[in-house]
Amino acid sequence: ENREDMLNSKSNRLTEALEEANKLFSGVSCAREAALDAQFLVLASNLGKEKANELHSAMTAFDSLAFAEDLLTFMGINRIEAEENDSDPEGISGGYLPSNAWHKLGEETEKYFRRAPSFHYMLGSFKSDPPVPRQRIERQKKATGGEEKRAMPAQLKKMEESHQEATEKEVERILGLLQTHFKNDPDTPISFFDLVIDPNSFARTVENIFHVSFIIRDGFARLKLDDDKLPIIEPSKDNEGREDDHSAGARNQVVISLNHQEWK
Amino acid sequence: DEDFNLSQTPSHSQVQRNLERRSQDQVNQKVSELVQFLLVKDQKKIPIKRADILKKVIREYRDVYSEIINRAGRTLQQVFGLQVVEIDTKHHIYILTSNLPRVEGENLRRDNQTAKLGLLIVILSFIFMKGNSAKDGAVWEFLRRLRVQPGERHEVFGDVKKLVTEEFVRQKYLEITPIPLTDPPEFKYQWGPRAAKETSKRDVLRFVAKIQGKDPTFWMSQYNEAEATP
């Protein structure tokens, strides 16, 4: 209880207490008293050790307050000069410690340590934890799913329309070309290949064949084989072609294959 | 865990004979695995138990355990400049320390480890200068002057109390023991075995001297003690 009092280097109270314990011990006759005595000795020796420690530091004048202030200075404290009234009654000095203060101190500290740098893979490693349960994600998906679906059809519709439009336009354009050519030169059939092949692009050639096939399907033009057995194309006369299509007449299918090599 | 305690340590010649029975490639493989194991285990700075090494890496190569660990130690030294140091010879617990001189310059890895080291050396300095042992009350009173409080969440360290009393203790940087018959219970703070291996009294005294702009001999008894301790 009187710890501080006993610790005071000027007091002899610890010594007095020990002397008293010594005297009392000679009167001890049962185990309980001896145990109390032992307890007292432990307490006394703790105090004794503390006293010795204090003595030690008193001799070598380690001033922890000064050390703390010097540390703060090293860490870069920004001391606000005018505010003496502000200082904490418990003795913490005023000032602002920058956010990298401890990091700065740490860097200096590393010089005094032989710490092994931590080894880490540069790209990290896979997590060994089991995957987080997916329930939460699924619930969220359902919530937004409805909205997304609504948005989707609108978009798709637009795309399909534009796609169709583009194809139709192309087909019309090619048909127009064909008809113009025939108007100018009705007796010369056009070689199919001359029409569709784009010497600069295989892909474009395939597209052209695709578009021409619509023309043929819809009866606006016809494919025939000429004397050399090469396909030629000619526009059909207006009423002729379409009527043929609607009748039960033969519909022929032709498969033309053209690969890259052949195209070249 | 009993399987993984070495009941007898095979003699050197016995180990050599056991080695001959094993394929060199496989032994070398084990050495590499142990090197990786030690490096990864060291990340958190929690000391590594031999029992873990035997169980997780060495396994059926127990009869040549000492050779594997020696070679692993040599690799760590030659390739990384790291030493395997036993901090507990009774329970066989190891840490890694660095043998290379520190190079000036920025730490490339931006994490908290550097700041924590600053806090640690401050505590270790306080303990040493106060005679190798300090009461918890005194330590925290000192830290308060550096704006570090056990009750508050610290901007850099978060839960400082946990960092000091749990993390630093688990890493063996600090040893905190209860003082008997104190009510309310008080604790004694001392250097842990890792602190003793990674730094020294002499280095810490140099640190204090630098901060205070004095010569280490200013504190005569600490200086003498530091010089006397290897």
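Order of the sequence lines sets the chain letters (A, B, ...), proteins ahead of strands, with each chain counted from 1. Worth knowing before you read on, the calculation uses all heavy atoms, side chains too, and leaves out hydrogens, waters and symmetry mates.
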Next item on the list: Supply the atom-to-atom distance B:Glu155 CD to A:Trp102 CH2, rounded to the nearest 0.5 angstrom.
Entry: 12.0 Å
Item checked: A:Gln39, part contacting chain B, at a heavy-atom distance under 4.5 Å -> both
Next item on the list: Please assess B:Phe207 against A:Leu105 for the test side-chain contact (heavy atoms from CB on, under 4.5 Å), listing each intermediate value before the final yes or no.
Entry: CA-CA 11 Å; B:Phe207 169 74; A:Leu105 183 67; 3.9 Å; yes
Next item on the list: Calculate, to the nearest 0.5 Å, the distance between atoms CZ and OH belonging to A:Phe113 and B:Tyr173 respectively.
Entry: 6.0 Å
Note to self: Quick check: closest heavy atoms across B:Leu82 and A:Ala116, and the distance to 0.1 Å?
What the structure shows: CD2-CB, 3.5 Å
Note to self: Tell me whether A:Glu108 is salt-bridged to B:Lys210, with the criterion being a basic N under 4.0 Å from an acidic carboxylate O.
What the structure shows: yes
Item checked: Nearest heavy atoms of A:Val42 and B:Pro180, plus distance in Å -> CG1-CG, 4.3 Å
Note to self: So which atom in A:His103 and which in B:Ala115 form the shortest heavy-atom distance, rounded to 0.1 Å?
What the structure shows: N-CB, 4.1 Å
Next item on the list: Using modelled atom types only, decide if a donor and an acceptor are shared between the side chain of B:Thr97 and the backbone of A:Arg115 within a distance under 3.5 Å.
Entry: no
Next item on the list: Name the region of B:Leu96, side chain, backbone, both or neither, that has any atom closer than 4.5 Å to a heavy atom of chain A.
Entry: both
Check: Just checking heavy atoms, which of residues 117-127 of chain B are less than 4.5 Å from chain A?
Finding: B:Leu117, B:Gly118, B:Leu119, B:Leu120, B:Ile121, B:Val122, B:Leu124, B:Ser125, B:Phe126
Item checked: For chain A, the option from B:Val40, B:Thr199, B:Val148, B:Val208 that forms the most heavy-atom pairs under 4.5 Å -> B:Thr199
Check: So, A:Arg114 side chain and B:Lys197 main chain: donor-acceptor pair closer than 3.5 Å or not?
Finding: yes
Checklist line | Pairs of heavy atoms under 4.5 Å with chain A: top-ranked of B:Ile211, B:Leu143, B:Asp203 | finding: B:Ile211
Check: For the side chain of B:Gln43 and the backbone of A:Phe119, is there at least one donor-acceptor N/O pair under 3.5 Å apart?
Finding: yes
Margin query: For A:Ala101, which atoms come within 4.5 Å of any heavy atom of chain B: side chain, backbone, both, or neither?
Written below: neither
Next item on the list: Please state whether the rings of A:Phe67 and B:Phe142 are parallel, tilted or perpendicular, taking 30° and 60° as the class boundaries.
Entry: parallel
Next item on the list: Specify which of B:Gln113, B:Arg202, B:Lys44, B:Gln212 makes the most heavy-atom pairs with chain A at under 4.5 Å.
Entry: B:Gln212
Note to self: Give me the atom names and distance for the closest heavy-atom approach of B:Arg147 to A:Leu97.
What the structure shows: CD-CD2, 4.4 Å
Check: In terms of heavy-atom proximity below 4.5 Å to chain A, should B:Lys188 be classed as side chain, backbone, both, or neither?
Finding: side chain
Notebook entry, point to check: Side chain, backbone, both or neither: which part of B:Val204 has a heavy atom under 4.5 Å from chain A?
Noted result: neither
Check: Above 12 or not: heavy atoms from other molecules or residues under 6.0 Å from NZ of B:Lys201?
Finding: yes
Margin query: Check this for me: B:Lys162, atom NZ, are more than 12 non-hydrogen atoms of other residues, nucleotides or ligands nearer than 6.0 Å?
Written below: no
Next item on the list: Please examine the side chains of B:Arg145 and A:Leu71, heavy atoms only from C-beta on, and report whether any two atoms are closer than 4.5 Å.
Entry: no
Checklist line | Heavy-atom proximity to chain B below 4.5 Å, by part of A:Thr73 | finding: neither
Check: Quick one: what part of B:Lys116 sits under 4.5 Å from any heavy atom of chain A, side chain, backbone, both or neither?
Finding: neither
Next item on the list: Assess whether side-chain contact (heavy atoms from CB on, under 4.5 Å) is satisfied between A:Ser64 and B:Met129, documenting all intermediate values.
Entry: CA-CA 9 Å; A:Ser64 60; B:Met129 297 304 279; over 6 Å; no
Checklist line | Heavy-atom contact with chain A under 4.5 Å, split by part of B:Gln83 | finding: neither
Item checked: Heavy-atom proximity to chain A below 4.5 Å, by part of B:Tyr223 -> neither
